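Scope of the values below: all heavy atoms of this structure, side chains included, with no hydrogens, waters or symmetry mates. Just so we're on the same page: letters track the sequence lines, and every chain starts at 1. Owing to the predicted nature of the structure, the values given are computational and were not obtained by experimental measurement.
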Amino acid sequence: MLDINMFREHADIIRADHDKRGLPHDQIEEVIRLDDNWKKTRYDADQLRRRRNEAARGIAEAKKAGNNDEMQRILTEVASLGEQIDALGVEANDMENARDSLRMKVPNILHESVPMGGNEDGNTLHSKHGIKKEYSFEPKTHNILVDQNNWVDLPRAAKIAGSRFYFLKGDLARMELALQQYAVDFLTGRGYTFVQPPVMMNRTAYEGVTDLGDFETVMYNVQPEGFYTIATSEHPLTAMFMDEVMEPSMLPLKMVGISPCFRREVGAHGQSDKGIWRVHQFTKIEQIIISKPEDSWNLHEELLTNCVELWDSLNLHYEVVNICTGDMGTVASKKYDLEAWLPGVGAYKEVVSCSNCTDYQANRLKMRYRTSEGNESVHTLNSTAVATSRALVAIIEQNQTEDGKVEIPKVLQPYMQNQKILESCNW
RNA sequence: GGAGGGAUGGCUGAGUGGUCGAAAGCGCACGACUCGAAAUCGUGUUAACCCUCACGGGUUACGAGGGUUCGAAUCCCUCUCCCUCCGCCA
């Protein structure tokens with residue numbers, strides 16, 4: 001959510017941003033109009049309250065002095081003021097609510113380095129990494145390989161849960177665990193604090209960190225408590241300091257989170273989403289930073305560097321893409337994606353998303369830090385380190401051998417008793 | 001699940017119907033002392049919002065919501081969270 005002062009003092013910046021995104025200005029103008037009316041109504045109500053407070057001070061005196069008539073006169077006046085105040089108060093409240101629910105929908109201001117573009121075709125190449133292997137055979141897609149090796153059981157998962165759920169079995173499940181441990185070790189080694197969050201959140205906290213549309217399409221709602229299962233540990237870790245004033249000495253706060261991630265994936269998806277590429281549940285190791293505003297752009301690059309060095313160490317081929325204006329979501333100001341090469345599919349596909357959300361989440365969450373000038377919103381940043389299901393797909397496709405097995409990345413081998421090859425599961 | 005206690009500013013914590021936005025301490029900021037620092041002393045320091053070019057002024061907020069009252073941090077109700085004890089359980 002953008003600061004209300006942005007609408008009051010720099011509406012032109014928001015308008016220019018909407019132009020970049022190809023959005024109309026209606027919402028901006030409506031926020032400004034509602035805010036204007038709210039201020040006037042609010043002021044009128046405050047003035048009436050002031051009169052009531054002044055009048056009420058006379059009551060005790062009149063009572064003490066035994067002046068019953070005067071007391072009655074004041075009581076009548078105060079009662080009538082009270083009615084007016086209540087009416088104005090309701091009006092002001094409605095306007096403020098309307099203003100803010102609209103304000104919640106206005107997206108973050110894009111960073112100047114975000115490339116222009118109408119959709120994902122406008123994303124620009126930032127850098128290429130690793131070696132694109134040549135195969136002496138026709139590389140297979142991961143869903144064929146996991147099937148041949150009995151590493152994934154989709155039909156039985158569908159039977160007991162539903163489509164897009166899976167059982168991970170045998171060596172592939174072991175490598176999933178190895179990936180988790182490796183990624184956590186990698187980032188704790190760089191000063192990030194390992195945190196395991198709750199995997200369910202309440203609505204209020206969740207509204208602070210996500211696009212409101214996600215409540216209908218992304219998160220599961222758990223009854224009877226009404227909790228939402230998290231779509232990523234970014235959400236609990238970012239909301240962790242909701243409603244708090246943080247000490248500047250804590251910043252930047254760097255965390256590495258791990259959690260299962262739950263996604264409803266409402267809507268149809270294409271043929272390429274076979275196997276375990278797009279699933280309702282997966283494990284993700286996530287980087288989170290809460291920082292002072294002046295540090296966030298450097299830290300955004302640090303997050304990307306961490307990703308690049310982590311994925312390089314897995315010896316995978318991928319590209320880093322700078323997400324363009326038309327493909328950016330509501331919350332991020334700038335976003336890099338890592339797209340891994342899938343030789344079976346013959347395409348680069350998204351495996352990591354690295355965002356600077358500036359003060360957008362912090363404003364909603366009322367997360368501030370102390371400065372000598374007062375309290376200011378912090379900045380929040382997040383980046384995937386490894387989403388295990390998708391990292392597995394990339395490893396399976398890139399490291400496949402002619403006989404349909406998969407070589408284990410060197411850095412993961414110590415976590416798997418120095419095994420070199422993933423063996424098939426025999427059932 | 002049962003019984004009891006609690007939630008106050010950045011933190012600890014006093015305050016049980018009006019002069020309380022709220023004692024005190026810590027922390028923080030500024031100043032003095034010092035070559036510099038520590039210690040010490042002095043001054044200041046809740047936040048959000050509104051009006052004002054400014055000086056300044058106003059409103060609201062003591063977990064959240066509702067109620068009683070002319071008036072609520074203080075009394076009543078509901079909810080949330082925390083603590084203690086009992087029960088159950090990974």
Side-chain angles (χ1 to χ4, degrees), chain A residues 1-9 31-104 196-208 222-228 236 239-253 260 290 292 359 362-378:
Chain A
M1 182 167 70
L2 299 180
D3 194 298
I4 189 64
N5 287 317
M6 189 71 118
F7 290 89
R8 290 173 185 165
E9 290 154 31
V31 168
I32 293 171
R33 192 188 68 79
L34 285 164
D35 182 52
D36 243 38
N37 290 342
W38 169 75
K39 278 198 288 191
K40 289 190 186 100
T41 312
R42 172 63 194 258
Y43 181 72
D44 292 344
D46 279 359
Q47 290 308 308
L48 289 177
R49 280 203 190 87
R50 178 188 187 172
R51 279 173 56 193
R52 180 173 66 175
N53 290 343
E54 280 166 356
R57 275 182 213 121
I59 292 174
E61 283 175 41
K63 199 173 183 180
K64 241 184 267 171
N67 190 342
N68 246 326
D69 291 349
E70 174 65 2
M71 192 170 93
Q72 283 309 319
R73 189 194 63 74
I74 298 176
L75 288 181
T76 315
E77 186 187 352
V78 162
S80 133
L81 282 171
E83 281 170 33
Q84 297 175 60
I85 290 167
D86 287 347
L88 279 183
V90 168
E91 210 179 308
N93 240 324
D94 289 349
M95 282 188 241
E96 192 180 14
N97 288 338
R99 179 195 77 182
D100 286 343
S101 61
L102 207 53
R103 190 155 62 105
M104 292 274 268
Q196 300 194 25
V199 299
M200 295 185 212
M201 288 171 66
N202 63 47
R203 173 104 192 183
T204 309
Y206 224 134
E207 281 180 352
V222 180
Q223 297 304 333
E225 282 82 2
F227 293 137
Y228 291 88
M240 193 172 177
F241 293 90
M242 178 170 83
D243 290 329
E244 292 191 38
V245 179
M246 301 178 75
E247 292 298 335
S249 58
M250 288 182 78
L251 304 176
L253 187 59
I290 300 172
K292 296 177 188 173
D359 60 359
N363 286 336
R364 283 191 187 178
L365 292 166
K366 295 198 189 70
M367 269 165 59
R368 297 155 298 166
Y369 76 108
R370 190 180 321 291
T371 77
S372 49
E373 269 100 61
N375 298 330
E376 257 189 66
S377 287
V378 295

Is [X] near enough to [N] that one of its side-chain N or O atoms lies under 4.0 angstrom from OP1 or OP2?
{"X": "A/N202", "N": "B/rC81", "value": "no"}
{"X": "A/R99", "N": "B/rC49", "value": "no"}
{"X": "A/N53", "N": "B/rU59", "value": "yes"}

B/rC49, B/rU59, B/rC70: which one has an atom nearest the side-chain heavy atoms of A/R49?
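Of B/rC49, B/rU59, B/rC70, B/rU59 is nearest to the side chain of A/R49.
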What nucleotide, of B/rC49, B/rC51, B/rG10, holds the atom closest to the side chain of A/R8?
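Of the candidates, B/rC49 comes closest.
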Gap in Å between the two [atom1] atoms, one belonging to [N] and one to [M], rounded:
{"N": "B/rU16", "M": "B/rA73", "atom1": "P", "answer": "13 Å"}
{"N": "B/rC41", "M": "B/rU60", "atom1": "P", "answer": "39 Å"}
{"N": "B/rC88", "M": "B/rC79", "atom1": "C1'", "answer": "25 Å"}
{"N": "B/rG67", "M": "B/rC53", "atom1": "C1'", "answer": "45 Å"}
{"N": "B/rA24", "M": "B/rG44", "atom1": "P", "answer": "11 Å"}
{"N": "B/rG65", "M": "B/rU8", "atom1": "P", "answer": "16 Å"}

When the distance from [atom1] of [X] to [atom2] of [N] is rounded to whole Å, what number comes out?
{"X": "A/F227", "N": "B/rU80", "atom1": "CZ", "atom2": "P", "answer": "10 Å"}
{"X": "A/D243", "N": "B/rG63", "atom1": "CG", "atom2": "P", "answer": "14 Å"}
{"X": "A/D46", "N": "B/rG57", "atom1": "CG", "atom2": "P", "answer": "16 Å"}

Without swapping roles, check the side chain of [X] against the backbone of [Y] for a donor-acceptor pair under 3.5 Å.
{"X": "A/N202", "Y": "A/A205", "answer": "yes"}
{"X": "A/R364", "Y": "A/E207", "answer": "yes"}
{"X": "A/R103", "Y": "A/L2", "answer": "yes"}

Given RNA chain B, 5'-ward residue of the pair A/N5 and A/R370, judged by closest heavy atom
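By nearest-heavy-atom nucleotide position, the 5'-most residue is A/R370.
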Nearest-nucleotide comparison on RNA chain B, the residue closer to the 5′ end among A/V78 and A/R368
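The 5'-side residue here is A/R368.
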What nucleic acid atoms does A/E247 come within less than 4.0 Å of, heavy atoms only: base, sugar-phosphate, or nothing?
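Result for A/E247 = sugar-phosphate.
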Base, sugar-phosphate alone, or nothing: which one does A/R50 contact when heavy atoms must sit under 4.0 Å apart?
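The answer is sugar-phosphate, as A/R50 gets under 4.0 Å only of primed atoms, P, OP1 or OP2.
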Is any NZ, NE, NH1 or NH2 atom of the basic residue among A/K40 and A/D44 found under 4.0 Å from an Asp or Glu carboxylate oxygen of the other?
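No, this pair does not count.
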A/R33/A/D36 ion pair, N-O < 4.0 Å
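Salt bridge: no.
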